[in-house]
> 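Sharing a structure, written as structure tokens. Questions coming.
The first residue in the sequence is number 1, and the count goes up from there. When a ligand or atom number is given, it counts from 1 through the structure's own listing order.
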Amino acid sequence: MKTLVINAGSSSLRYQLLDVETHEVIQYGRCEKIGEQKSSIYVVSGEQYKKLVLSIPDHEQAMRLVLKELRDPEIGVVEDFREIDAVGHRIVHGGKYFDGPVIIDGDVLNKIIECGELAPLHNYGAAKGIEACMHQMPGIPQVASFDTAFHMTIPPVNHVYAIPYKYYEENDIRKYGFHGISHRYVSRRAAEMMGKPIEELMIITCHLGNGGSVTAVLNGKSFDTSMGFSPLDGIMMGTRSGAIDPTVVTYIMQHEDLTPDEMTAILNKESGLLGVSGVSNDLREIDQAIGSGNQRARLAFEMYAQTVRRYIGAYLVEMSGADAVVLTAGIGENSPAVRQRIFEGLEPIGFKLDKYRNEFGTPDCEISTDDSICKIFAIKTNEEYLIALDTKEICEKYGLISE
Ligand code: ADP
């Protein structure tokens, strides 16, 4: 089954055409700097690739370009869109409405746009992409997979904030959680690698990319997660602060006479690894700066690992144990130094990192010792594959494609 997976970011649009049965990626690519002066599209089909620099004013245009490249006489991989069985769209925010993937119709599209108030940078772009697909690929099922959906199982004790209850009841202010597709994928993969049913496992998944979150996956379901009402909460990130005392926010706003938008920009774009180190949001550059003796880069690194440790500790206690911890995304998959720092000194409570496996293993791999009570894995996340699988399952359920 050929599925086109669309992943719209705030100023990017990534896509993959893949065969979910064979795992083959037939064509993939990304549009970058959408809405800026010089945008670009990068396309790869097997050995062939191309990059064009051009103007891409919005996500609708980006989607049109992608569809054009899929049918391009040189690099294209289909002659007719009817060769594509379905399209799966990654949607960041499904609000209170969606606890799993759905076939997109007018009502679903309206709800995605409505939830855009909670994730304006992502949902509106995704909605534009959906509209372009519906228009250019009539009759081909469009499916939405939500990042928030996996976290809808988080119980009230973990998703209600300790503020007046009316905000929860009347304004839907609650923890939603993010990166759900990635947490779901890597927790399932860890269970598979352990050869045990996920329903019997307690797993802590750490998605450590530019953005990052930690999730407690209890018996296959999200039980708690570090991101909250927005993706700003939780661990320290590349440019995001993560959890801080809310009074810091109001205090800075009052003293510097800042608007909510200005303060939001500081917390989202100027904080985290970048804000503390003053060097970069990129861990590789932080590593280099540490190498040349930069003390603030060292502090940023230490703080980063410490916030991840804090949530692992919290979730270990919340679930009364953990069978496995998974590290994924750019940092989790690639940084032995961060992984080592996270588990340093935790042998007495059951986490034993294997130095050699941690240094030389390539994900997906186990990086704990054979006698570690809690297993530790580095797993390459694959959100596109899970979205394609969701798309296949829901299309089969509704008889939209033959099984
Ligand atoms: P995004 O959230 O943008 O998808 P990624 O999952 O690509 O982010 O992760 C980006 C982060 O991963 C950056 O901080 C980058 O430094 C880090 N990273 C990527 N490769 C490596 C590596 N080989 N060693 C250390 N860090 C890495």
> Once side-chain hydrogen bond (donor to acceptor under 3.5 Å, both in side chains) is applied, do any residues pair with R339, and if so which ones, sequence neighbours excluded?
N358

> Output the set of protein residues with a heavy-atom contact under 4.0 Å to ligand 1, ordered first by chain identifier and then by residue number.
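Residues G209, N210, G211, N281, D282, L283, R284, A329, G330, I331, N334, S335 each place a heavy atom under 4.0 Å from ligand 1, listed by chain and number.
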
> Taking NZ, NE, NH1 and NH2 as the nitrogens, is one of them in K128 or E131 under 4.0 Å from a carboxylate oxygen of the other?
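So K128 does not pair with E131 through a salt bridge.
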
> For residues 108-116, which side-chain N or O atoms pair as donor and acceptor with protein atoms under 3.5 Å away, sequence neighbours left out?
{"from": "N110", "atom 1": "ND2", "to": "G106", "atom 2": "O", "distance (Å)": "3.4"}
{"from": "K111", "atom 1": "NZ", "to": "D107", "atom 2": "OD1", "distance (Å)": "3.4"}
{"from": "K111", "atom 1": "NZ", "to": "D107", "atom 2": "OD2", "distance (Å)": "3.0"}
{"from": "E114", "atom 1": "OE1", "to": "Y97", "atom 2": "OH", "distance (Å)": "3.3"}
{"from": "E114", "atom 1": "OE2", "to": "Y97", "atom 2": "OH", "distance (Å)": "2.5"}

> Go through the structure and list residues passing side-chain hydrogen bond (donor to acceptor under 3.5 Å, both in side chains) with K355, not counting sequence neighbours.
none

> Could you tell me whether the side chains of H207 and S182 share a donor-acceptor contact shorter than 3.5 Å?
yes

> Between R64 and E60, does at least one N-O distance fall below 4.0 Å, as a salt bridge requires?
yes

